[in-house]
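Everything on this sheet refers to the single structure shown next.
For clarity, every value in this text was computed on a predicted model and none was experimentally measured. First the proteins, then the strands, lettered A, B, ... as listed; each starts at 1.
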Amino acid sequence: MTDIIRMTAADLSTHLQSGEISAVDATQAHLDRIEAVDTDVHAFLAVSSDALDTARRIDERRAAGEKLGPLAGIPLAVKDVLVTTDMPSTSGSKILEGYMSPFDATVVRLSREAGLIPIGKTNMDEFAMGSSTEHSAYGPTRNPWDLDRIPGGSGGGSAAAVAAFEAPLALGSDTGGSIRQPAHVTGTVGVKPTYGAVSRYGAIALASSLDQVGPVTRTVLDAGLLHDVIAQHDPHDSTSLTDTWPSMAEAARSGARGDGLAGLKVGVVRELSGDGFQAGVQSRFEETVALLTAQGAEVIEVSAPHFEYAVAAYYLILPAEASSNLAKFDSVRFGMRVQPDGGGTVEQVMAATREAGFGPEVKRRIILGTYALSAGYYDAYYGSAQKVRTLIQRDFTAAFEQVDVLVTPSAPTTAFKFGEKLADPMAMYLNDITTIPANLAGIPGISVPIGLAPEDGLPVGIQVMAPQREDARLYRVGAAIEALLEQQWGHTLISKAPALGGK
Amino acid sequence: MAKDALMDYDKALELFEPVLGFEVHVELNTKTKMFSAAPNEFGSAPNTNVSPVCLGLPGSLPVVNEQAVRYAISLGLALGCSIAPSSRFARKNYFYPDLAKNYQISQYDEPIAFDGSVDVEMPDGRIVPISIERAHMEEDAGKLTHVGGSTGRIQGAEYSLVDYNRAGVPLVEIVTNIIYGAEADAPELAKAYVATIRDIVTSLGISDAKMERGNLRCDANISLRPRTAEGEPPAPLGTRTETKNVNSLRSVERAIRYEIQRQAAILADGGTITQETRHWHEDTGRTSAGRPKSDADDYRYFPEPDLLPVEPSLELIEELRSALPEPPAARRRRLKAEWGFTDLEFQDVVNGGLLVEITETVAAGASPAAARKWWTGEISRIANVQGAEASALVSPQNVAALAALVDAGTLTDKLARQVLEGVIAGEGTPQDVVDARGLAVVSDDGALIAAIDDALASQPDVLAKIRDGKVQAAGAVIGAVMKAMKGQADAARVRELVLERAQS
């Protein structure tokens, strides 16, 4: 039998159901792994002290003959942006150090109800602002493929936890690529569902109109299994869709069998490849597209003329919404409180707290957003950005009239080194150029590993995007790509990741 | 606080034309709050009617209260407004500790109701139409209590306590268009307008509409412009002030009158009006400067991304339209006929803002005449003395109970007034006060006869006069008996008995 921690969630599920492995075994194995490697990786901000008790109760219920869901007894890493009642929720910020939420995020509640075992909270850029986790107030997470490199961001903790076999499944949140870009640089799978498919209740808001919670895993099928648990209508979130969804796990299984590639129309976005993309990223991407063609897919180049304005529009809409969403962190009701010398008015206490509690990237974006919403500038900045957003949505609509899915490299480069882009926010922002359009349009996107870049031996991912509500299509195509490549290689990509300390 | 110079009111009106505008906030009496399931209740212990949403806890999200939307549509329809097929919430961003999220969710450029008109009846019976710009939904803020200062105000306070029970209570804000031509009646019009809104929301049953509790709050905008000679173009509008904290109908009238006199004095003296909020002080009858307010106040409004647009179906709007109660003016005509009041009597009731009280008192069993007598008489007199709203002093049920005690002969009018004082002082129901104070009329003839015989015995000259047929002399004996009975006797019965005993 494979080592427990190296199993996919789907395999672990089979063993749990057959009784060969208990939930306690599975949980203990992952806690041991965290103990062994997380000093190096630093994927976790908190590890659950209840996880083993929770696992024991799952085992008891199973022993009592209760019918449990497929993921019952499987450990789950939870991005710290999601509030939990049993572990602190900091969103990577000092201003929320030690904050205990009186309620669970809806996705966490649904996961618990499905028998998943939250084992820890994962590191992230402060308030999900960043592409490297270097903006976490608690220090960066390291990429398991190369500890000197970033694991992507903002959800670098979730991606690294999964890549380092510290958890088989993780939850992330994606506002402009925070699930997909970390998946790309860590050789894992990440899905941003259709906006509204997964509840945002309990996800500490960055930009409400862009945020979406989704799965982070090592295989497409595992992502589908977790997606099926969390994609439920939630009356606590007004933007939550009421759709009844097909099973994403079934879609992944069907895709892995090779169903549906023949005749599939695949669009390559002209504006999102070539210039500005690292050679090894570009070549792996092109090889994958060629593989799809060989399987009978019809590849068409499509143009999305307004994508070039996407990053600019995003960096007006996001800071604008964030400046308002982050106003509640004022020391009055919860979180850090800094008392200026000699007391001070409530206004001075608020200012001192926010000065001490927020990091520089958060302050930068609050200032940007406040400016963009100001009277006299609103039309020129926020107003124009919303117009660009509409144009990008139209680009997608036009493209999806020609093709079934769109593909791009998931990010322009492989994992960069710590500090490389820290002094140049624009360079950092441009790392999300491929992922941002999907958020602006509310459409779903997946990143699937497609190999290592020859020049640096680091993972590369392909992004597949589908029209709104067509999340199942991503799983079908994503699983097909994954199966074809693994057949070609004779192994999974993640099995080539460095062993790290411990086992 | 320096005392403002005031110009004589008539003189002010000679020189200037008052220009008005009102923003009335109506707290809806929904079971739960505007955006959360926390209870919407007045008077609970601080910070008990709260949820993660009204505390603005991380990860919480608002959800629109459907009942509040229905109430807002009903109110919009009652104000003669068009109902927007799609309206939107926005965020109004500003930092203040009573505002949990540091933004208020409010409707901004897309209100649910707009372009209406409401008929306001003046004290002399004239009908003045007031044009409504919009009615929009929003959430209330929490309540701050400043501790350690001498006045309960923020100046000089050591610290402040926040109660978020009110945070997120649903509000509809009704905004009028600019009102010209009110002239010397401006204060009366203001009062009549707010009374009309109060009548409308009460008849709709969508608000408790108690001004003293802040269920209904009026911000009164007022400016003056100098009069120009006939044939000349009108002067441009003057700078306005916005008077807040006006917590009774009476205060609305007084505050407007005060601001007219204050602004006129400044303008006539060559000064300029500062654009600011003014706080009305019920005790001193003055306004004081609040925070400067300019049109450039920047709330960085943007559409609330956590909420979808509100899109009521035509069916819903028509359902609510057909369920509207009769408009206040029609209702007044009906009530006047039903109650059989004279024009003068009915005007008294309307001007006192007592329609609701009398309706409820009659519903509780009193005759219309008795209800009117108590509300426009003794209760209004005490309200005047106390500077309070009549409706805040005593419940219609207690007034009806009082009237019943008089009808039953248990109380004389004079005793009933004492009982009313007891009820207002918080001693319980009229029956409670009667029992506790022992105020019932002595109807035991034996006790009366004993007192009469005593009085006649001590005043033999009077007895002689009565026996001589000088019946009016009995007054002295009646007075003595009433005194001995501490007023708790029916004077007519005493008179009867005195004459009887004198002849025996």
Side-chain angles (χ1 to χ4, degrees), chain A residues 81-83 89-91 96 99 101-106 199-205 207-211 234-240 317 320-321 323-335 343 345-347 349-351 354 369-378 382-383 386, chain B residues 35-37 47 50-66 89-105 108-109 142 144 146 154-155 157-162 164 167 294-310:
Chain A
V81 75
L82 299 166
V83 298
S89 306
T90 70
S91 210
L96 278 179
Y99 173 72
S101 171
F103 65 98
D104 272 329
T106 297
S199 170
R200 292 184 295 115
Y201 192 73
I204 299 173
S208 313
S209 73
L210 302 164
D211 296 345
D234 180 9
H236 290 298
D237 175 359
S238 308
T239 60
S240 166
I317 294 168
E321 292 185 12
S323 70
S324 176
N325 282 332
L326 268 54
K328 65 177 59 151
F329 301 101
D330 64 1
S331 83
V332 173
R333 294 163 312 285
F334 54 82
T345 63
V346 67
E347 195 169 295
V349 173
M350 285 179 181
R354 289 166 68 81
T370 304
Y371 189 80
L373 288 174
S374 296
Y377 298 101
Y378 181 93
Y382 190 75
Q386 290 293 8
Chain B
F35 300 113
S36 87
N47 295 312
V50 293
S51 74
V53 178
C54 29
L55 291 176
L57 295 189
S60 63
L61 292 172
V63 176
V64 175
N65 181 334
E66 195 186 325
F89 286 99
R91 292 189 187 174
K92 180 180 184 180
N93 293 285
Y94 64 98
F95 280 83
Y96 210 67
D98 65 5
L99 194 62
K101 304 179 294 296
N102 287 317
Y103 59 82
Q104 181 194 29
I105 305 178
Y108 177 52
D109 50 356
L144 290 175
H146 304 294
I154 194 164
Q155 289 82 8
E158 283 169 42
Y159 59 92
S160 304
L161 300 171
V162 201
Y164 290 102
S294 78
D295 291 327
D297 266 347
D298 192 351
Y299 292 114
R300 305 188 309 282
Y301 281 101
F302 72 102
E304 166 57 280
D306 285 329
L307 294 173
L308 303 176
V310 177

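You'll find the ring centres of A/Tyr99 and A/Phe329 outside the 6.0 Å limit.
Looking at A/Tyr201, both its backbone and its side chain come within 4.5 Å of chain B, counting heavy atoms on both sides. For chain B, no part of A/Leu210 is nearby; none of its heavy atoms comes within less than 4.5 Å. For A/Ser89, no part sits under 4.5 Å from any heavy atom of chain B, backbone or side chain. Heavy atoms of A/Ala203 lying under 4.5 Å from chain B belong exclusively to its backbone. Contact annotation for B/Tyr159: neither backbone nor side-chain heavy atoms come within less than 4.5 Å of a heavy atom of chain A.
Here A/Asn325 is the residue among A/Thr345, A/Asn325, A/Leu326 with the most heavy-atom pairs under 4.5 Å with chain B. Highest contact tally toward chain A, considering only B/Ala37, B/Pro52, B/Ser36, B/Ser160, is held by B/Pro52 [criterion: heavy-atom pairs under 4.5 Å]. Between chain B and the options A/Gln386, A/Arg354, A/Glu347, heavy-atom pairs under 4.5 Å are most frequent for A/Arg354. Annotation: maximal heavy-atom pairing with chain A below 4.5 Å, among B/Tyr96, B/Tyr164, B/Phe302, B/Tyr301, occurs at B/Phe302.
Test A/Leu82, A/Val83, A/Asp234 against A/Thr106 for side chain to side chain contact (heavy atoms under 4.5 Å, CB included) and you get one pass: A/Asp234.
Remark: the backbone N or O of B/Pro62 is paired with a side-chain donor or acceptor of A/Ser238 at under 3.5 angstrom. Remark: side-chain polar atoms of A/Arg333 are paired, donor with acceptor, to backbone N or O of A/Lys328 under 3.5 angstrom. A donor-acceptor pair under 3.5 Å is absent between the side-chain atoms of B/Glu304 and the main chain of B/Ile105, judged by distance alone. No side-chain donor-acceptor contact under 3.5 Å links B/Asn93 to the backbone of A/Ser324.
Screening residues 53-62 of chain B for side chain to side chain donor-acceptor pair (under 3.5 Å), with sequence neighbours left out, gives no hits.
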